Amino acid sequence: MSPHPSPAVPSDEPRPDSLAPRVLVLNSGSSSVKYQLLDMRDRSRLAVGLVERIGEETSRLRHTPLGGRSREWTGSVADHEAALKAVAEELARDGLGLDSPELAAIGHRVVHGGKRFTEPTVIDDAVLAEIERLIPVAPLHNPANLTGIRTARALRPDLPQVAVFDTAFHTTMPEAAARYAIDVETADRHRIRRYGFHGTSHAYVSRATAELLGKAPEEVNVIVLHLGNGASASAVRAGRCVDTSMGLTPLEGLVMGTRSGDMDPAVIFHLMRVGGMSADEIDTLLNKRSGLIGLCGDNDMREIRRRIDEGDERARLAFDIYIHRLKKYIGAYYAVLGRVDALAFTAGVGENAAPVREAAVAGLEGLGLAVDPELNAARGDEPRIVSPAHARVAVAVVPTDEELEIAAQTYALVGKRNGKA
Ligand SMILES: Nc1ncnc2c1ncn2[C@@H]1O[C@H](COP(=O)(O)OP(=O)(O)O)[C@@H](O)[C@H]1O
Ligand SMILES: CC(=O)OP(=O)(O)O
Ligand SMILES: [Mg+2]
């Protein structure tokens with residue numbers, strides 16, 4: 001295997017066979033870095049890991065090499081740069097260091113790509129500047145993504161670094177869905193519109209759902225519910241996103257772990273004028289102290305279910321508010337799509353919380369939506385249908401794989417460049 005993209009091959013065809021086989025994927029969140037090293041020949045995961053609670057005294061790193069034992073380590077990881085260096089050291093201990101000639105590229109999840117980035121993009125200084133310019137609309141995410149890119153670039157300046165944007169899949173939304181009903185000139189001047197997020201997941205899951213139904217993506221309409229700590233819904237018609245619940249920032253839409261989702265924007269003016277709060281304080285309130293944690297003190301659905309089972313009323317109400325919002329979006333996207341072939345649940349809550357799936361479709365038999373209690377309660381890592389055999393709409397649980405999708409898009413892009421070199 002050649003260490004670097006091979007010398008010019010006069011062909012328009014992608015030549016992935018001349019590429020080094022591995023891709024490192026970095027998903028830098030506000031206080032965590034998730035990473036995976038993949039071998040693209042068979043898509044195996046050579047190593048996976050996570051650094052969490054970055055910036056605290058009790059940061060934790062967990063690293064698992066393929067077929068080996070996990071290593072865990074707690075201490076202080078000051079920032080994302082230190083986190084990435086710790087990741088590089090862990091990889092090196094398994095002989096998988098960033099200096100390896102087997103590495104073809106590093107793929108980065110970048111949350112906000114604005115209107116400009118509709119596809120995976122090889123990162124240069126101009127791309128970095130644009131990601132930086134978008135910080136005000138993704139203050140929790142883009143700074144971490146940027147540090148991840150800069151640190152990776154410093155460690156391997158010769159390697160292509162590819163940005164895969166959360167917003168890219170949503171750039172197909174029609175103007176009717178993407179625009180807010182506010183003064184057009186003001187909106188355009190400040191680039192205020194609905195961008196949508198979690199797009200890599202919505203793209204992957206909508207395709208995997210079509211596959212589960214034995215159809216091509218172009219043949220099906222799917223509602224995807226990505227329910228993690230951040231949560232969003234999307235309406236996907238024939239493989240293209242036509243609406244999604246997050247907007248200018250990842251704050252709009254569903255009730256999330258710590259974010260409010262939709263509410264009357266006048267709540268903000270009220271908190272400023274009557275509550276005496278500053279814009280930054282309200283930002284923190286709505287992004288970090290709202291949603292499930294604001295409603296009941298817990299943002300983990302497992303803990304909320306446990307409390308409900310013990311008769312805790314606050315947890316019950318938080319759950320009911322979460323489900324009520326989810327139902328409204330299912331109904332709305334049913335109307336947007338006109339015909340729905342599948343409703344797909346994904347991410348931490350969507351994949352694991354059977355009571356959420358059950359409650360979300362309860363009473364929606366009129367829309368052809370129902371779950372089979374036994375199928376819904378069964379566990380599994382594979383995509384599966386949990387609706388009864390006769391159901392008009394398939395309800396599916398489809399585990400998302402953002403890292404694999406980022407790796408595949410990264411590898412395809414560097415393969416194409418290499419082929420065209
Ligand atoms: N077994 C489970 N049952 C119910 N909820 C779960 C389970 N496992 C994880 N979750 C939920 O998934 C959330 C994390 O989802 P995830 O998609 O990993 O989030 P993120 O990528 O945003 O960090 C947790 O906060 C928890 O609410
Ligand atoms: C965009 C977003 O909300 O991402 P996450 O769920 O990773 O916080
Ligand atoms: Mg996530």
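Atoms within a ligand are numbered from 1 in the order they appear, just like the ligands themselves. Note that this is a predicted model, so its numbers are computed, not measured.
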Item to check | Short side-chain donor-acceptor distance under 3.5 Å, Y180 and E252 | outcome: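 On atom types as modelled, these side chains qualify, holding a pair under 3.5 Å.
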Checklist entry - Do any nitrogen or oxygen atoms of D166 come within less than 3.5 Å of a nitrogen or oxygen of ligand 2? => result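 No, D166 has no N/O under 3.5 Å of an N/O on ligand 2.
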Checklist entry - R259 to ligand 2: N or O pair under 3.5 Å? => result yes
Checklist entry - Counting heavy atoms only, which of P250, S32, G348, P355 is nearest atom 13 (C) of ligand 1? => result G348
Checklist entry - Which option, K34, M246, R109, owns the non-hydrogen atom nearest atom 4 (O) of ligand 2? => result R109
Checklist entry - N/O of M301 under 3.5 Å from N/O of ligand 1, yes or no? => result yes
Checklist entry - Do any nitrogen or oxygen atoms of H226 come within less than 3.5 Å of a nitrogen or oxygen of ligand 1? => result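 No.
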Nearest-neighbour protein heavy atom for [atom], which is reported as residue plus atom name and distance:
atom: atom 26 (C) of ligand 1; result: D300 OD1, 3.5 Å
atom: atom 14 (C) of ligand 1; result: N229 N, 4.1 Å
atom: atom 1 (N) of ligand 1; result: N352 CB, 3.4 Å
atom: atom 5 (P) of ligand 2; result: H198 NE2, 3.6 Å
atom: atom 3 (N) of ligand 1; result: R302 CG, 3.3 Å

Next on the checklist: Heavy-atom pairs closer than 4.0 Å: do any link ligand 1 to the side chain of K34, the backbone, both, or neither?
Outcome noted: side chain
Checklist entry - Taking non-hydrogen atoms only, is N299 closer than 4.0 angstrom to ligand 1 via side chain, backbone, both or neither? => result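 For N299, the contact with ligand 1 is made by the backbone alone.
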Of all the atoms in ligand 1, which lie at a distance below 4.0 Å from a heavy atom belonging to [X]?
X: V349; result: 11 (C), 12 (O), 27 (O)
X: G228; result: 15 (O), 16 (P), 17 (O), 19 (O)
X: A353; result: 4 (C)

Basic-acidic side-chain contact under 4.0 Å: [X], [Y]:
X: R179; Y: D188; value: yes
X: E365; Y: R392; value: no
X: R306; Y: E310; value: yes
X: R314; Y: D312; value: no

Item to check | G230 touching ligand 1 at heavy-atom level, < 4.0 angstrom | outcome: yes
Would a 4.5 Å heavy-atom cut-off, applied to side chains only, mark [X] and [Y] as touching?
X: V110; Y: N142; answer: yes
X: I304; Y: L292; answer: yes
X: D372; Y: V386; answer: no

Checklist entry - Within 45 degrees of the axis of the six-membered ring of F319 and under 6.0 Å from its centre: does R305 put its NZ or CZ there? => result yes
Checklist entry - Does the separation of the ring centres of H170 and Y195 fall below 6.0 angstrom? => result no
Item to check | Parallel, tilted or perpendicular: ring planes of H202 versus H198, cut at 30 and 60 degrees | outcome: tilted
Checklist outcome for this item: Within 4.0 Å of some non-hydrogen atom of F197, the atoms of ligand 2 are 1 (C)
Checklist entry - In terms of atom number and element, which parts of ligand 2 are under 4.0 angstrom from non-hydrogen atoms of P250? => result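 Answer for ligand 2: 1 (C), 3 (O).
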Next on the checklist: I'd like to know if the side chain of R237 reaches the main chain of R339, judged simply by a donor and an acceptor atom lying under 3.5 Å from each other, with no hydrogens or angles considered.
Outcome noted: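 It does not hold such a pair.
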